[in-house]
Structures are given as structure tokens and as C-alpha cells.
Amino acid sequence: MRPVDEIPVDPARARIYEHGWQSWSPTAWHPAAGTSPRPVRPPTQVMSYRPGKPAPERGFQGEGLLAVDPGDGGPVRVYSGGAEVPSIRASLVDGRVLVSADGPVTMTTGPGVAPSGPGVGPAGSAGADPLAAWADDFARAAGMGPIRPAPTAWCSWYHYYTDVTEADILENVDAIHRAALPVDVIQIDDGWQSEIGDWLTLSGRFRSLSDLTARIADTGRRSGIWVAPFLVGARSELAREHPDWLIGDAGHNWDQDLRGLDLTNPAVTDHLRTVFTGLRETGFDYFKIDFLYAGALPGARRSDASPLEAYTAGMRAIREAIGDSYLLGCGAPILPSVGLVDGMRVSADVDPSYAPHDGDLSQPSQAGAALSTVGRAYQHGRFWVNDPDCLIVRPAVERREEWADVVARYGGLRSCSDRIADLDAWGLDTTRHLLATAPPPIPFPT
Ligand code: 9PG
């Protein structure tokens, strides 16, 4: 880490904005005297924070972006780095915020002070959001084209999880149709595939994807599918057949160790083209691509391309294969994905429980999902359409009205994920209303 700046602040009012590496990494404004969320269990550093870049014990570490509001009425200073996304640290020492970084960083000052609201900025402040101004410049530098409006979707994950069956999908297609819910896309999530990495074969709970997409099309809807294209499970056939395609440690989930793919290997990008071309031909034109961090793991690859050059090549191969299908990123390095996806998950997973089970705000919980949805609100309409994660409003969801309010205010992409039959009248009305009122792909009013 090299020193970058030293700012005298009002220690009681100063705030620091820490931008996390990927979709699930907590992202918010914090009191400068505090410490940001940390992984509670070791594998979480890789899976939900930044692999190989643990934050210091105290203070803050933004990945490619950090901002300091001195709390004395002075301008907000926004620190950001280039293509390799430096880690930028800040800590409060004797009335000064010390900023350091492990790569080149530039500083801009915002036109105003950070917006107010819980977790958003200092109480009582008002004015233009300096992060919005920074994001306008970043998008321009990334050569961003126009942002397409997102379709509305129903997603199988937050009720069925990995146990989802073809019959479950059809039950909900039918219920959505009968209730005339304004759902454009039926999105099949994790559980359809035979293994993580084996995207050409089905789990025992699905019989035929082409029959399923045809049934969905019969109701006038489109089909969407979840794939974790850069992730490989130890149990998969792909891991057995192509050990030379694998890189790094991508964590542990589904009771198995996980690796990433070497996206600098042309055989790997050819394989990805085959997978996505096949899914497109099966009738899908909406792709939720997940665990994308696994394509950008640190470490050596076949060619000497950097991890983020490799990541970009993998993303481009997918885009080529799916044409103008809708592309939603998830578990994705945020800043390196600008210009590569239509929509982006900007938060940790939502969950029927309000608080994360282990206290880690990168883990499934309404609190974690709301934190970064608010903390990245300015990215909507500038980088892509923000996906705050699915609306869930069945009676079993704790503090469901609060989650519906977050989606109403900060949700760009509107998707729902309850079993429709479980909804009571309030849940069904709220789902219908929020799906029908998706905002345009332009920045939220501040
Ligand atoms: C499917 C899910 C859903 C969800 C995604 C993603 O082990 N983990 O750290 C872990 C993190 C996130 C996660 C699952 C596991 O959720 O965000 O919407 O698609 O994958 O498995």
C-alpha cells in the first residue's frame, strides 16, 4: 500500500464510502471511526469479498472506489483506479483520514455532499450525489452504449432453491398466467443442471428444457435460465475431463470445492460458446450468469493476460453466443463489468430472514440485500439496470413490507420469487404492482 492522501475531518461526522468487489460484497457509507463488514467464515473472502485481498483489521478497503466525506461541509473526495481495480484503504487516525492504495488512484471532488438517509450518507446533508457524477465519468470512459429496459421476471430460487423441479416451474407458469401477473420471463434458477460446470446435461428433476420453454412460450412468456459459466465443481465431469482448464480456489458450496475457469484458453471460450449457443437454441433469451468472480480469480493462466483481461474475454464470448438476449450479471466483479451486461445484481442475496444467519452482511439476508442496493443506487441507469434481487413477499418473509419498499424505491430490474400459491392478497397485490411499475433505465431521481 502506498500513501495517497491525508484529509483533516470532523471525526464525529466524517463518513467513508466503501465499494465492494463483487455483487455480494457489502457496499455503503459508514462512520469514519468504524470498520466495514468483514467475512465471518474464511471461504467467504473468496466467494463474497475479494479473493486474495483481505481488508485490514480496522477501517475500510474499497475495491476500485472509495469516497471520503470530511463531515465539515467540505467536498466529498472520490478515489478510484484504473482497469486493474486497486484496493483503496482508509482509516481515521488523530482527526485525519489516511488513504492508501496498492495501485494508481485518481481523486475527484464531488459537486456536493453525500445524500442523507440511513446507511446512505451523513445525517442532515443534502445536494447532488458525488458518486453519481463519478459514475457518469466512469461510464463515459468505458464507452457505454444505451441501456436497454429490463423485462420483468419470475425466478425459481427463493422458494425452491436447488430442489426445483420441472413440475414446480409449470405450476408457477400456470399460476402466473391465471393471475395475469405482468411477468415477461420465467427464469429457471440453480437446480436444472446435472453439476456446476456440466451445463449440457440435466439434473434428474428436469426432463426436457425445450419442452419447458415451448410450454412457457405457449403462455406468451419468454424463458430465462441461470448458469454459473466460469465456476466448476469438483464433482463435475468437466473437472475430471479438463483439469488443465481449471484455475484458483473459488470457494466451497453445494458440498464441494469450487474452481474457476481459465478464460485465456481458447478451448474454454469455445466450450462456453457451445453451452450458450445450445441454450439459446433451446428457447432461452434471458441469461442470469452467476458466480462470475470465478473468471477473475488471481493467479497465473495459460496466456499472460491479466485476470481482468481474461474475465472480459469470457464475458465477450458469452455475449457473442447469446446475441441480443438479455444478460444479467450476478456474483460479478462490479467495475470490470460495466459495458458488458444489461442488468447487474448489486447486492447480496435476499432471504426470508431479515438478519444474516452468521452476522455477515454478504450472506443471504434482507439486511444485506438492502444495504448494497441502497449503496449502489447511483449505478442504475449509468452502468446498467440495477437488480436489487427478487421481490419476496409471502407471509413467511420477515419484515416483508420493508423489502417491498426497498424494491419499490431502488429496484431497476423487477423480478419476483415466491411460489405464487403461497401469496396472500397483500403479497399478490404488491407483486403485481411492483412488476407493473418498473422504472425506466435512467438514473433514479435524487
Ligand atoms: C443459486 C443462487 C441464486 C442467487 C445467487 C447465488 O455459497 N455462497 O457463497 C453463495 C453465494 C450466493 C449464492 C449462493 C451461494 O446465491 O445470488 O440469486 O441464483 O446463487 O445457487
Side-chain angles (χ1 to χ4, degrees), residues 20-26 37 39-51 153-164 169 185-199 203 205 224-234 236 249-260 286-294 297 327-334 337 341 343-353 356-366 368-373 376 386-392 403 407 411 413-418:
W21 172 241
Q22 58 119 310
S23 304
W24 307 323
S25 315
V40 170
R41 293 171 308 113
T44 309
Q45 177 71 42
V46 167
M47 300 190 69
S48 301
Y49 292 78
R50 186 171 184 176
W154 175 86
C155 162
S156 59
W157 182 249
Y158 296 95
H159 176 88
Y160 297 101
Y161 299 96
T162 49
D163 294 335
V164 65
I169 303 287
V185 174
I186 304 295
Q187 186 243 304
I188 304 165
D189 213 279
D190 185 5
W192 65 270
Q193 76 288 350
S194 61
E195 253 314 339
I196 300 298
D198 296 339
W199 311 107
S203 68
R205 296 175 304 282
I225 195 155
W226 175 94
V227 182
F230 305 155
L231 193 70
V232 181
S236 66
D249 160 22
H252 186 95
N253 192 28
W254 303 276
D255 284 322
Q256 59 183 325
D257 288 336
L258 303 167
R259 310 282 306 274
Y286 177 108
F287 295 89
K288 174 180 173 185
I289 53 171
D290 201 354
F291 291 83
L292 296 180
Y293 71 87
L297 296 171
L327 189 59
L328 174 63
C330 189
I334 291 283
S337 300
V341 293
M344 178 61 95
R345 255 292 281 293
V346 292
S347 61
D349 288 14
V350 73
D351 192 82
S353 16
H357 65 100
D358 61 359
D360 185 330
L361 284 164
S362 73
Q363 297 303 298
S365 64
Q366 189 194 133
L371 182 78
S372 307
T373 290
R376 291 190 176 120
N386 272 14
D387 171 14
D389 207 0
C390 300
L391 181 71
I392 47 171
W403 181 239
V407 172
L413 189 145
R414 298 286 173 94
S415 62
C416 59
S417 192
D418 292 298

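Start at 1 and go down the list; that is how both ligands and their atoms are numbered.
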N or O pair under 3.5 Å between [X] and ligand 1:
{"X": "D190", "value": "yes"}
{"X": "H252", "value": "no"}
{"X": "D389", "value": "no"}

For the side chain of R376 and the backbone of S23, is there at least one donor-acceptor N/O pair under 3.5 Å apart?
yes
Of the protein's non-hydrogen atoms, which lies at the shortest distance from atom 13 (C) of ligand 1, and what is that distance?
D349 OD2, 3.4 Å
Give me the nearest non-hydrogen protein atom to atom 3 (C) of ligand 1 as residue plus atom name, then the distance to 0.1 Å.
D189 OD1, 3.4 Å
Measure from atom 10 (C) of ligand 1 to every heavy atom in Y161, W157, F291, W226 and give the option owning the shortest one.
F291
Side chain to side chain contact (heavy atoms under 4.5 Å, CB included) partners for D198, two or more places apart:
S194, E195, T201, S236, E237, L238
Measure [X] to ligand 1 on non-hydrogen atoms and call it side chain, backbone, both or neither using the 4.0 Å cut-off.
{"X": "D290", "answer": "side chain"}
{"X": "C390", "answer": "neither"}
{"X": "W254", "answer": "side chain"}

Where ligand 1 meets N253 - atom numbers and elements under 4.0 angstrom, heavy-atom basis:
7 (O), 15 (C)
For ligand 1, which atoms, with element, lie under 4.0 Å from some heavy atom of R345?
17 (O), 18 (O)
Using the six-membered ring wherever Trp is involved, compare the ring planes of Y161 and Y158 and label them parallel, tilted or perpendicular (cut-offs 30° and 60°).
perpendicular
Look at the rings of W199 and W192 and say which category their plane angle falls in: under 30° parallel, 30 to 60° tilted, over 60° perpendicular.
tilted
Residue list, ring-ring contact (aromatic ring centres under 6.0 Å, His included) with W154, at least two apart or on another chain
none
